[in-house]
**Student:** 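Here it is, the structure in full.
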2 protein chains.
Amino acid sequence: MASSRVTLRDIAEEVGVNPSTVSRALNPKTRGMVTGEIARQITEAADRMGYRPNPFAYSLRTNRSFTVGVLVPDLTNPAFAPIIKGIDNVLEASGYSVMVANTDNVAERERRNVAKFRERHVDGLVIATARRHDPLIDECRAEGTPLVLAVRRTTNSGISSVVSDEVTGGETIVSHLAQLGHRRVACIAGPQELSTGFERHQGYVRGLNANNLEYDAGLVEFCDAFTEEEGRRAASRLLASGRDFTAIVAANDMIAIGIYDELQTKGLVCGRDISVVGYDDMLFSSKFDPPLTTMHSPLLDIGAEAARILLEQIEDPETPPRSVKMTPELILRKSTGKPA
Amino acid sequence: MASSRVTLRDIAEEVGVNPSTVSRALNPKTRGMVTGEIARQITEAADRMGYRPNPFAYSLRTNRSFTVGVLVPDLTNPAFAPIIKGIDNVLEASGYSVMVANTDNVAERERRNVAKFRERHVDGLVIATARRHDPLIDECRAEGTPLVLAVRRTTNSGISSVVSDEVTGGETIVSHLAQLGHRRVACIAGPQELSTGFERHQGYVRGLNANNLEYDAGLVEFCDAFTEEEGRRAASRLLASGRDFTAIVAANDMIAIGIYDELQTKGLVCGRDISVVGYDDMLFSSKFDPPLTTMHSPLLDIGAEAARILLEQIEDPETPPRSVKMTPELILRKSTGKPA
DNA sequence: ATATGCTCTGCAATCGTTTGCACAGGTATT
DNA sequence: AATACCTGTGCAAACGATTGCAGAGCATAT
């Protein structure tokens, strides 16, 4: 309310030129078109008067909003928050603003928010909610707005994505267990419609092969969601099956926590009776009881890299889509040990 | 790229009226001005043609952006993420978009982001980074954009805020400890320039009085930040002082974790040798070793309520500032017990 | 001396809305 | 029947930038 904004016209009057000249003088790309001395006067006046361009006018004319939309399933999930932070860090530095939307994993809400972002003419989208087969993503791509997937990707190539190497991650976990001497390694896998769930399970299978362990379908349970509760239930089923095993590889840390719960109620001690390894290395996984051995996903870097690719893509829409795979790292803690 | 947007003018031509009529027919507030039948034709055509108003044009004209800015110290901090989620939940329902900015507690970054928000003409601001004396907040207020503080407030009244009742929270904690039989209760307080740190400490002091325990300056240590590391260092100082005490009230859960660390390295077992109580009840505080007794802050509700107040304020700028205090709840877990 | 080209600036249209004002036509009032 | 008042619609001016085009001024080439 206080300060009536100062516009190009105001500066123009002050300096005694046409607004268009002011526009050119202030825009680095067109600055060359105006005489040095005049340009100097203009920038000087602009500073002095506290000129701030009106983003609406700019956007209306140019259709650029310097805004990007970010879609995550859950802002409060420690396996996602760092991604946003990573994105925000690089985007802030480039003058972009980040709009977030929480979808709680419900497709309808994803759809609605993408629509909202589109209406608002965001310059680009980073999406962390993708399913392996995701019509919404296809639509987005067809629609033309620059887009990059983070953490989760679709089977559909031709879309930029940055994820971590889930398959080798899973494989490495099994190898770790095998080295400790485990022969009967169970798996509590995540949702198979998500690339993370799918590929980590795939990694588990490869790890078995690589270490000459046989695959036993009775040793793998699937979860419908990456949640503690789902993990607990799956663990319960596994235990109830009466099968013999000495270790469990969990699809992520949340599920691992669920497994902890179930082991505890059954009076088993994790790390001694049964080894458990998680995935993600989310915040506090070192504080659990016992501290969780887990595969560290470079979430912050994934977010940052996704943002960088998006920027590239916005800058030059002709840039071909790029997919990068970060490498995760095994963090040894107390939840794994030699088989009992 | 694909769909050339359809504008008011397109619809006007289709129906055979002037764009202004279309504008009026489509706006609920002015719809009464246009003949029922024509209005019907217009809305019908709008649907059919897939009309979506151009937000830039709208904003340029009206100076409303349907956007609010949210400032938090750390997106990944489980004591802040829920706030954003709460905000997003209510704002999304009202058609607003949320822009977030991460400040990492650096004043310069707060300033920069507030400036960015202002340039972008956000309709309102919710700020979770306020210091007790915060010039930036004063400037914001003077500037006129609707503003509400969340979780942390300034001493300066006359600004809307929604926080939890830290003082009684702190008091209740001490009472709990006193009831268990503790007589020598230490305190590891948070930054005193933040209302949370300040008021929780105040609550501690009141709790002492209320339970006829004497205040001993030697039993309180201050942290410069709400971090694990600061908590650990403070605990170390406290232990080194050689004073006698059986319980520690921590300014928040992060600090409590730091205390856990230090107790462990000193071979003390928390909950038996020394009781510890945290504050916030952040995610996973029930999973620590031992599960943390803590004061639950209704973070999600705080965010939601802040958003509601902000909406009120945006709707009618004359609305007097409103401050609400949520009541926290003590969650009993394993980190507290009878004194050894 | 004329033609040619280059550099700089201004003019005016445009982006897609909203909204004050004018005005046409109809209804109600006297 | 003349006047006043509504009601609904159109016109055109904003909002504050960007940008194609035209032209003024000047230097260089012929």
Side-chain angles (χ1 to χ4, degrees), chain A residues 1 3-43 45-46 49-67 95 118-123, chain B residues 1 3-43 45-46 49-67 95 118-123:
Chain A
M1 326 280 141
S3 55
S4 53
R5 287 178 83 80
V6 10
T7 72
L8 281 189
R9 188 205 243 86
D10 296 331
I11 301 181
E13 278 170 12
E14 176 81 6
V15 180
V17 295
N18 188 281
S20 52
T21 306
V22 179
S23 171
R24 291 191 262 255
L26 259 25
N27 181 337
K29 295 215 154 118
T30 49
R31 178 143 194 194
M33 296 182 173
V34 12
T35 315
E37 169 58 13
I38 300 204
R40 206 194 49 68
Q41 282 182 46
I42 290 176
T43 45
M49 303 170 71
Y51 172 70
R52 293 278 165 260
N54 181 318
F56 304 139
Y58 176 86
S59 293
L60 176 58
R61 187 67 228 260
T62 63
N63 257 312
R64 296 267 282 109
S65 62
F66 282 100
T67 277
R118 197 150 54 205
E119 278 178 35
R120 294 200 172 244
H121 278 276
V122 296
D123 291 338
Chain B
M1 323 279 139
S3 55
S4 54
R5 283 179 87 79
V6 11
T7 73
L8 282 188
R9 188 203 244 88
D10 297 330
I11 301 180
E13 279 170 11
E14 176 80 4
V15 179
V17 294
N18 189 281
S20 53
T21 306
V22 179
S23 172
R24 291 192 262 253
L26 261 23
N27 183 337
K29 294 215 154 116
T30 50
R31 176 141 195 197
M33 294 182 174
V34 13
T35 315
E37 168 58 13
I38 300 204
R40 206 194 47 70
Q41 284 181 45
I42 290 177
T43 45
M49 303 171 70
Y51 172 69
R52 293 279 162 259
N54 182 318
F56 303 139
Y58 175 87
S59 294
L60 175 57
R61 187 65 229 259
T62 63
N63 256 314
R64 296 265 282 106
S65 63
F66 282 99
T67 277
R118 197 150 54 207
E119 278 179 36
R120 294 198 173 244
H121 278 277
V122 295
D123 291 336

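Just so it is clear, the values below take in all heavy atoms, side chains as well, and ignore hydrogens, waters and symmetry mates. Residue numbers begin at 1 in each chain, while the letters A, B, ... track the order of the sequences.
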**Student:** What nucleic acid atoms does G32(B) come within less than 4.0 Å of, heavy atoms only: base, sugar-phosphate, or nothing?
**Tutor:** sugar-phosphate

**Student:** Does the side chain of T21(A) get closer than 4.0 angstrom to OP1 or OP2 of dT9(C) through an N or O atom?
**Tutor:** no

**Student:** In whole angstrom, give the distance that lies between atom CZ of R9(A) and atom P of dC11(C).
**Tutor:** 12 Å

**Student:** Measure from the side-chain N and O atoms of T43(B) to the backbone N and O of R40(B), and report whether any donor-acceptor pair falls under 3.5 Å.
**Tutor:** yes

**Student:** Looking only at side-chain atoms of M33(B), point me to the closest of dA17(D), dT17(C), dT9(D).
**Tutor:** dT9(D)

**Student:** Closer to the 5' end of DNA chain C via nearest nucleotide, is it T7(B) or P19(A)?
**Tutor:** P19(A)

**Student:** Can you tell me how far C1' of dG10(C) sits from CD1 of I42(A), to the nearest Å?
**Tutor:** 12 Å

**Student:** Whole Å only: how far is the CG atom of L8(B) from the P atom of dT19(C)?
**Tutor:** 12 Å

**Student:** From CD1 of I38(A) over to C1' of dG25(D), roughly how many Å is that when rounded to an integer?
**Tutor:** 13 Å

**Student:** Reckon Y51(A) has a side-chain N or O less than 4.0 Å from the OP1 or OP2 of dA17(D)?
**Tutor:** yes

**Student:** Check whether any side-chain heavy atom of M49(B) sits under 4.5 Å from a side-chain heavy atom of D10(B), and report yes or no.
**Tutor:** yes

**Student:** Considering residues, nucleotides and ligands other than R9(B), do more than 12 of their heavy atoms fall under 6.0 Å from its CZ?
**Tutor:** no

**Student:** Tell me whether R52(A) contacts the main-chain N or O of R5(A) through its side chain, where contact means a donor paired with an acceptor under 3.5 Å.
**Tutor:** no

**Student:** Just by distance, do the side chain of T35(A) and the backbone of E37(A) share a donor-acceptor pair under 3.5 Å?
**Tutor:** no

**Student:** Give the rounded distance in Å between these two atoms: CG of L60(B) and P of dG16(C).
**Tutor:** 12 Å

**Student:** R24(B) near the nucleic acid: base, sugar-phosphate alone, or nothing, with a heavy-atom cut-off under 4.0 Å?
**Tutor:** base

**Student:** Any side-chain N or O of S23(A) under 4.0 Å from OP1/OP2 of dA17(D)?
**Tutor:** no

**Student:** Distance check needed: dA17(D) C1' versus N27(A) CG, whole Å only.
**Tutor:** 11 Å

**Student:** Taking donor-acceptor contacts at under 3.5 Å, does the side chain of S20(B) reach the base of dC11(D)?
**Tutor:** yes

**Student:** Counting only side-chain N and O atoms of N18(A), is one of them less than 4.0 Å from OP1 or OP2 of dC11(C)?
**Tutor:** yes

**Student:** Taking for each residue the nucleotide of DNA chain D with the nearest heavy atom, is it G16(B) or T30(A) whose nucleotide lies nearer the 5' end?
**Tutor:** G16(B)

**Student:** Just N and O in the side chain of T35(A): are any of them under 4.0 Å from OP1 or OP2 of dT9(C)?
**Tutor:** yes

**Student:** Could you give the OH-to-C1' distance, from Y58(A) to dG16(C), as a whole number of Å?
**Tutor:** 18 Å

**Student:** Base, sugar-phosphate alone, or nothing: which one does P53(A) contact when heavy atoms must sit under 4.0 Å apart?
**Tutor:** sugar-phosphate

**Student:** Round to the nearest Å and state the distance from L26(B) atom CG to dG16(C) atom P.
**Tutor:** 16 Å

